Amino acid sequence: MTTGTKSSLFYLGGGHKPVLDQARGIYMWDQDGRRYLDGSSGAMVCNIGHGNENVLAAMQRQMKRFTFGYRTQFETEASEALATRLAGLCPDGHEKVFFVSGGSEAVESAMKLARQYAVTIGESNRWKVISRAPSYHGCTLGALAVTSYDPLTAPFVPMMQAMPKVPAPRAYLDGLDPNDPATGQFYADQLDAVIRSEGPGTVLAFLLEPIGGASTGALVPPQGYMQAVQDICQAHGVLLIMDEVMTGAARTGRFLGGDHWNMKPDIIAMSKGLGAGYVPLGAVIAHERVVEPVIKSGGFNHGFTYAGNPLASAAGLAVLDEIERLDLAGNAARMGLHLTNILTGLMDRHQIIGDVRGLGLLQAFEFMSDRQTKAPLPARMRAFDRFLQIAYGLGLIVYSRRTRQGLEGDHIIIAPPLIITKPQLDEIEVMLDEALCIFSKEIGA
Ligand SMILES: Cc1ncc(COP(=O)(O)O)c(C=O)c1O
């Protein structure tokens, strides 16, 4: 059964989709009984898979007691326990947690916390948040101002505060060797140059996704980049904010994406895999040195009604339990290696794949019409959309966007739930192979 022709909902793209009936593990079924393999965890959300009984039981236990207690009126065990647990999983000193309900809220909150910290310590000239182009940090006006993805930002430019950008370190497109530390330094130097040209005393923070998400398609930074940007931020008194909304909660094989480089940011934004599709949940985890002055000055002038919601917190805590109990970071790392082999094997067989990249279970391939020149497929082909439809028709859900400012350079993200097994990844391979054959034939490649 599908919904009728008239719907009161309006989302991007419109058009009717199959009606979801059930979801278990890595699979989902529509009301016509068709099965889909969730090869993208929705939008890189369902890290522990669908229908996890332990999470559902924890939610039920909380629901039977109470589902809401407003944070200025009550403390709750659930939000307290989740905050302590989360802080324990983050780098040393990240003792303070502020809950929100999604990724955009987490990024907004992280930037506002940084700003209030600067004002509190007498550095109120600092307000600029430097981010990368391309990048995606959320859809609210503050988070959008630090996003660089033309189709999403263009209509809203007059309504936003312009923020400085530095190029994302896309070594593969710039013809640089990602394994050469000089490449990392080359991109980090551009951050240093922008901080200097903006006036170091005016720059509040540098915000980045440790491994790129939707806008760059699982971009892994080149050697030396992460350490160099951290050093540059420290040298200029610029706060480092890591957007771990997509990369957090074990997605890339470590609890945080930044853990691959032992990063020590000032503020971390998380969401997606933290609620894992069970509840809307996000968090800002900040170093004590940032939060203490703000608390002493009277507290953070910020907050959402649903922040610290006990039901969301109980679910989040159970999600973290499952990530640990099932060693999902370890599984993401192990299965990630297998996925890399699969994708590079597909690249050997399919000329239209020009690049394969990613870490753990956040990986992508990018279509190109010429591997040598890195020329994208013609934009009018809308490969990102068409390939998605073909895969969907075969029962495989993938996630796609465009790498070059959202305008061209189609990439397909493969990011299944972290519980996935090797035979299930092989199932993805078969469907991807078939989808690639169909698509190549269609475009005459
Ligand atoms: C890195 C990153 N930051 C922020 C966001 C915004 O999160 P949300 O859609 O939950 O507001 C996203 C969403 O895709 C994201 O990938």
Side-chain angles (χ1 to χ4, degrees), residues 11-12 40-47 98-114 129 131-149 151-153 156 160 163 165 168-169 205-221 226 240-252 256-258 263 265 267-285 304 306-307 309 312 315-316 319 358-364 384 397-403 406 411-415:
Y11 293 123
L12 186 92
S40 62
S41 309
M44 287 62 87
V45 174
C46 304
N47 285 13
F98 188 91
F99 287 119
V100 295
S101 302
S104 305
E105 286 185 7
V107 170
E108 291 272 352
S109 306
M111 292 195 293
K112 286 181 69 179
L113 176 62
V129 178
S131 59
R132 309 190 305 184
S135 61
Y136 185 68
H137 295 292
C139 64
T140 52
L141 288 174
L144 198 61
V146 287
T147 285
S148 182
Y149 195 84
L152 296 176
T153 48
F156 307 104
M160 298 189 290
M163 290 288 187
K165 305 284 185 302
F206 177 49
L207 168 70
L208 80 162
E209 302 155 84
I211 295 112
S215 67
T216 53
L219 181 76
V220 180
M226 296 297 268
L240 182 61
I241 305 177
M242 299 278 262
D243 182 344
E244 296 267 7
V245 167
M246 190 181 289
T247 48
R251 168 58 54 195
T252 68
L256 296 174
M263 295 299 281
I267 306 176
I268 297 164
M270 285 184 73
S271 183
K272 292 192 184 267
L274 187 58
Y278 292 83
V279 283
L281 177 63
V284 173
I285 308 107
F304 300 94
Y306 277 94
N309 176 265
V319 166
L359 259 184
L361 288 173
L362 180 60
Q363 301 207 24
F384 70 105
I397 299 171
V398 294
Y399 191 93
S400 66
R401 285 283 185 273
R402 287 178 148 173
T403 306
H411 61 249
I412 310 295
I413 297 181
I414 312 297

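Order of appearance sets the numbers: ligands from 1, and atoms from 1 within every ligand. Computed from a predicted model, the values in this text were never measured in an experiment.
- Under 4.0 angstrom from ligand 1, the non-hydrogen atoms of Glu209 all belong to its side chain.
- At the shortest separation from atom 3 (N) of ligand 1 among protein heavy atoms lies Asp243 OD2, 2.7 Å.
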Run the side-chain contact (heavy atoms from CB on, under 4.5 Å) check on Asn47 and Arg251 step by step: do they pass? CA-CA 7 Å; Asn47 285 13; Arg251 168 58 54 195; 2.8 Å; yes
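- On a distance-only criterion, Ser104 and ligand 1 share at least one N/O pair closer than 3.5 Å.
- Of the N and O atoms on the side chains of Thr216 and Arg132, not one donor lies less than 3.5 Å from an acceptor on the other residue.
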Please determine whether side-chain contact (heavy atoms from CB on, under 4.5 Å) holds for the pair Met246 and Glu209, giving the CA-CA distance in whole Å, both sets of side-chain angles, and the decisive distance to 0.1 Å. CA-CA 8 Å; Met246 190 181 289; Glu209 302 155 84; 5.8 Å; no
Derivation of the side-chain contact (heavy atoms from CB on, under 4.5 Å) call for Tyr149 and Arg401: CA-CA 10 Å; Tyr149 195 84; Arg401 285 283 185 273; 3.2 Å; yes
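- Contact between Lys272 and ligand 1 is present, with at least one heavy atom of the residue lying under 4.0 Å from the ligand.
- Under a 4.0 Å criterion applied to the non-hydrogen atoms of Gly138, ligand 1 contributes the atoms 4 (C), 6 (C).
- When only non-hydrogen protein atoms are considered, atom 7 (O) of ligand 1 lies nearest to Gly103 CA, 3.1 Å.
- For Tyr306, the OH atom is loosely surrounded, since the number of other residues' heavy atoms within 6.0 Å does not exceed 12.
- Closest protein heavy atom to atom 16 (O) of ligand 1: Met246 CE, 3.3 Å.
- Annotation for Val146 and His137: closest pair O-CD2, 3.2 Å, computed over non-hydrogen atoms.
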